[in-house]
Amino acid sequence: MAGRIGVAERNTTSEEMPAGYDPGRIEPKWRARWETDRLYTVDDSSPKPKWYSLTMYPYPSGTLHVGHWYAFAVPDVFARLQRMRGYNVLFPMGFDAFGLPAENAAIRHGIHPATWTFDNIDTMRAQYRQMGAMIDWSREVVTCTPGYYRWNQWFFLRMLERGLAYRAKGAVWWCPNDQTVLANEQVLEGNTCERCGAEVFRRDLEQWYLKITDYAEELLRDTETLDWPDRVKVMQRNWIGRSEGARLQFALETSEVLDVFTTRPETVWGATFMVLAPEHPAVASLTTPEQREEVDAYIEAASRQTEIERMSTDEARPKTGVFTGGYATNPVTDERIPVWIADYVLMGYGTGAIMAVPAHDERDFAFARAHGLPIRVVIQPEGEETLDPDTMTHAYVGPGRMVNSGPIDGWRVPDALPDVVAWIEENSRGKREINYRLRDWLISRQRYWGTPIPVIYCDTCGIVPVPDDQLPVELPLDAEFAPTGQSPLVGNDAFRNVTCPTCGEPARRETDTMDTFMDSSWYWFRYTSPHYDQAPFDVAAAAAWTPVDLYCGGIEHAILHLLYARFFTKVCRDLGLTDHGEPFIRLRNQGMILAEEGNKMSKSRGTQVTPDELVRTHGADALRLHLMYLGPWDQGGPWNTRGITGMERFIRRAYQVVQDTREADSVQRETDSEVENLRRLTHQTITRVTRDLDGFDFNTMVAALIEFVNALST
RNA sequence: GCCGGAGUGGCGAAAUGGCAGACGCGGCGCACUCAAAAUGCGUUGGGGCAACCCGUGGGGGUUCGAAUCCCCCCUCCGGCACCA
């Protein structure tokens, strides 16, 4: 049993082992060999079980930095593990190539967005190849090509047929800098644009929406089945924002009816006034001539101040508002109650109107106190002093017995809540309702570099979908794309002026383009049959590969992309294109690699670290190991150039161990106990490496290998 | 304010109830060199000549035993934030 373990047999290989470790020679040699051998071209007909390992495709912004390597080279290690375990592994790559930065670069440098984009892709593709990852480049997907985006249009038309795409007028977020509307998901804290940081504001525009709210319940429920980081699931649940309650009707003296949503329907006997959002459509007709001036001034101030007020996180922000002069009737007490407007009521949630129950809601309490409105207690905490509206300093939000509430007096809440709702429904005062914070997805963009929305406006036929056989509606390359507030395609007559597909009369083409999140909402399906031209993807190929087994990417997509992708998958299922409703079984987020001084890497400040030079000086393998070794992968952290030499030393030592063994006398004897110890260590290392890789603990996995090599080389 | 996550050597970190600091960077010493770099070998939590003592944000508790579990507090990071 004497002799070196495992590696000794390699002595018989005829190939000459070079003198020292030289990554500059080894890496290009093997990359070329892998390519000629098509080692990483995935075979669809393989009998092996499949493993779909996906990493979020990059935006072609210019050149790669080490953050891109962190995102791609590390998951590549896991993909390789699965390959070694006998899986047929798909690890594809593409570019998320439509979007605003291309247009901005075009405007700044006077270069066409297409040129800028494809040049960047060429550069980045070459950089990616240095990684030595097992990417199957034959499946590359580039979303700004007609062969890809025509299927965005196809999806849009299918949704239009099913009522999942619709056009509506409403207050939408507008970015004055990017000159386009934004989805709710793209508006950040303080009402700033997700892309450029400019302050955004509301505009009334007619836009295209996708009805993601139809899937709200399912999107919420299915988070429970996902192997995703908890914080991502929590963020999605909060975003969807489900609340159970009831919808109640309050008759107005204008003979209109005002709907409110409430999570506390039992407190309706304590509703002493109502509050509408300043933008609420009923405000105009409700307002009496005497109050008109004050109301108009408040509405004006509210629309102007929204951004500033939003940013003030002051909890004790004063509850401003004005009386409209109008009255409503409380549906259970039949009392006449005043209707106010206030900016603490948001048009974007519920119905944009509330019944105010000051005794049992902190905000309503503050408002009532500020404006001298009546407070009526309807829940009395048990075993405590009787609540007195005149001396209360806070709303009472706890449990208790109903008082001053007619037929439900004495009921104990919240236990009796279901009975209260039943009473309300039986007596036709309202009905049970579940409300979501999630809004429909606004997809219209008044920009050039995106997928044209495939509809035509005809004076006689109305909105006419472009027939499938006329797809793709190609984005003309000769457009004037400088932003004007209208879609750049408005001025492109050749594009815009068409004949109606239905009646043949002159008509106008839609000139808005789609949100680029459309592109990324189904791209992983496309990788399974990237050249297929009968449908977005070959259903059989998709069935063989999807759902994605492991999806890696940044936490910044926790709600936007990941929610849209889940929505699209459910739509694909309902269209019969796939049989599952969740696209990504397992999700892992990498942390962010910061610049060496701890701030975000920035091209303009010159703190961006490019992999090319590091590959030249230390080799791709040392760089990959170093990225794995920086710390826990989901944590990220500041880049550290010095540490890479340690990984280089490690590789050299490993290389030396193998070389020494080759050169040593194959019958070199060692004591049985030494061999025994090495064998034990070998198996312990296998166990550690396997466990750590499965847990995505790449840093400790590398440590185990270093210890092993250290033991072998002493 | 609410919901998460974290706090350990000079630095990145490891250890999830059983010898704290594995592994790496950096430092120090030695070898090689005229010399330096690179490389290799050794050493490296703090204090002490030593035996030994101290040490995982702070305070308390559970336990034979706590970085790890429980309670209170402090700090940092992330998310949400007038959601009716």
Side-chain angles (χ1 to χ4, degrees), chain A residues 20-21 188-190 229-248 259-265 267-268 271 274-277 309-321 342-358 360-367 395 397 433 435-439 555-556 558-559 589 591-592 596 598 625-632 634-650 652-653 656 688 692 697 699-711 713-714:
Chain A
Y21 173 64
L188 303 182
E189 186 182 3
D230 276 340
R231 57 177 175 163
V232 176
K233 293 203 271 189
V234 167
M235 276 191 251
Q236 292 222 345
R237 287 178 194 139
N238 288 344
W239 186 261
I240 295 165
R242 182 182 196 271
S243 310
E244 273 185 55
R247 177 181 286 253
L248 304 175
D259 277 25
V260 302
F261 172 75
T262 178
T263 54
R264 306 284 309 274
T267 64
V268 61
M274 298 189 77
V275 187
L276 307 188
E309 288 178 347
R310 277 279 167 145
M311 287 199 311
S312 89
T313 58
D314 189 0
E315 196 201 347
R317 226 187 82 206
K319 291 275 180 292
T320 62
D343 63 4
Y344 83 92
V345 175
L346 309 172
M347 195 59 223
Y349 186 78
T351 63
I354 62 158
M355 64 172 199
V357 184
H360 306 290
D361 181 281
E362 285 295 352
R363 295 151 303 174
D364 297 346
F365 183 87
F367 193 79
V397 295
E433 188 169 278
N435 194 58
Y436 299 91
R437 206 187 80 117
L438 183 70
R439 305 283 92 192
I555 186 78
E556 67 274 16
I559 21 198
N589 298 118
M592 192 187 289
E596 205 142 7
L625 279 166
H626 181 53
L627 286 168
M628 283 188 268
Y629 199 62
L630 278 175
D634 59 358
Q635 187 180 299
W639 168 254
N640 167 359
T641 302
R642 279 192 311 214
I644 197 171
T645 57
M647 293 304 109
E648 216 181 339
R649 285 176 197 148
F650 161 57
R652 194 176 293 125
R653 208 175 302 132
Q656 200 61 43
R688 284 176 67 186
D692 288 353
D697 299 320
N699 55 334
T700 51
M701 180 275 289
V702 175
L705 288 177
I706 293 173
E707 285 178 61
F708 183 57
V709 169
N710 287 349
S713 58
T714 49

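Lettering of chains follows the sequences in order, A, B, ..., and the numbering in each one begins at 1. Atoms considered below: every heavy atom in the structure, side chains included; atoms not considered: hydrogens, waters and symmetry mates. Predicted model, so just to flag it, every value in this text is computed and none were measured.
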Query raised in the report: Just checking A:Pro638: base, sugar-phosphate only, or nothing, at a heavy-atom cut-off of under 4.0 Å?
Result: nothing

Requested in this report: Sort out the partner of B:U16 for me: Watson-Crick or G-U wobble, both distances under 3.5 Å, none otherwise.
Outcome: none

Report task. Take atom CZ of A:Arg642 and atom P of B:G12, then tell me their distance rounded to the nearest Å. Result -> 12 Å

Report task. Assign A:Val345 to base, sugar-phosphate, or nothing according to its heavy-atom contacts below 4.0 angstrom with the strands shown. Result -> base

Query raised in the report: If the P atom of B:C32 is compared with that of B:G10, how far apart are they to the nearest Å?
Result: 34 Å

Query raised in the report: Is a side-chain N or O of A:Glu433 found less than 3.5 angstrom from the main chain of A:Phe261, in a donor-acceptor match?
Result: no

Requested in this report: Please measure how far the C1' atom in B:G18 lies from the corresponding atom in B:C69, and state the result in whole Å.
Outcome: 15 Å

Query raised in the report: On a whole-Å scale, what distance lies between the P atoms belonging to B:G1 and B:G45?
Result: 42 Å

**Report entry** Separation of the C1' atoms in B:U68 and B:A15, to the nearest angstrom
**Finding:** 9 Å

Requested in this report: Please indicate whether A:Met347 has more than 12 foreign heavy atoms, meaning atoms of other residues, nucleotides or ligands, lying under 6.0 Å from its CE.
Outcome: yes

Query - Distance between C1' atoms of B:G60 and B:G26 (Å, rounded) - result: 38 Å

Report task. State whether A:Ser243 places a side-chain N or O below 4.0 Å from either non-bridging phosphate oxygen (OP1 or OP2) of B:A84. Result -> yes

Query raised in the report: For atom P, what is the distance between B:U56 and B:G61, given to the nearest Å?
Result: 16 Å

Query raised in the report: For atom P, what is the distance between B:A38 and B:C25, given to the nearest Å?
Result: 12 Å

Query - Side-chain N or O of A:Asn710 closer than 4.0 Å to phosphate OP1/OP2 of B:G24 - result: yes

Query raised in the report: At under 4.0 Å, does any side-chain N or O of A:Tyr629 touch on OP1 or OP2 of B:G24?
Result: no

**Report entry** Verdict with reasoning, A:Met355 to A:Thr262, per side-chain contact (heavy atoms from CB on, under 4.5 Å)
**Finding:** CA-CA 8 Å; A:Met355 64 172 199; A:Thr262 178; 3.7 Å; yes

**Report entry** Any donor-acceptor N/O pair, A:Asp697 side chain to A:Thr700 backbone, under 3.5 Å
**Finding:** no

Query - Pair partner, B:A37 [Watson-Crick or wobble, under 3.5 Å] - result: none

Report summary line: Relative to its sugar, using the 90° cut-off around 0, the base of B:G12 is anti

Query - A:Lys319 to A:Tyr344 six-membered ring, cation-pi geometry met (6.0 Å, 45°) - result: yes

Query raised in the report: Would you say B:U39 has OP1 or OP2 under 4.0 Å from some side-chain N or O of A:Arg649?
Result: yes

Query raised in the report: Can you tell me how far P in B:C30 sits from the matching atom in B:A35, rounded to whole Å?
Result: 13 Å

**Report entry** side-chain N/O A:Arg437 vs B:A81 OP1/OP2, d < 4.0 Å
**Finding:** yes

Query raised in the report: A:Asp230 has an atom CG; how far is it from atom C1' of B:G79, in whole Å?
Result: 13 Å

Query - Identity of whatever pairs with B:C28 - Watson-Crick or G-U, under 3.5 angstrom - result: B:G42

Query - Nearest-angstrom distance from the residue atom CZ of A:Arg688 to C1' of B:C23 - result: 8 Å

Query raised in the report: Any side-chain N or O of A:Asn640 under 4.0 Å from OP1/OP2 of B:C11?
Result: no

Requested in this report: Before giving the answer on side-chain contact (heavy atoms from CB on, under 4.5 Å), spell out for A:Val260 and A:Arg247 the whole-Å C-alpha distance, their side-chain angles and the decisive distance to 0.1 Å.
Outcome: CA-CA 6 Å; A:Val260 302; A:Arg247 177 181 286 253; over 6 Å; no

Query - Nucleotide forming a Watson-Crick or wobble pair with B:G78, both distances under 3.5 Å - result: B:C3

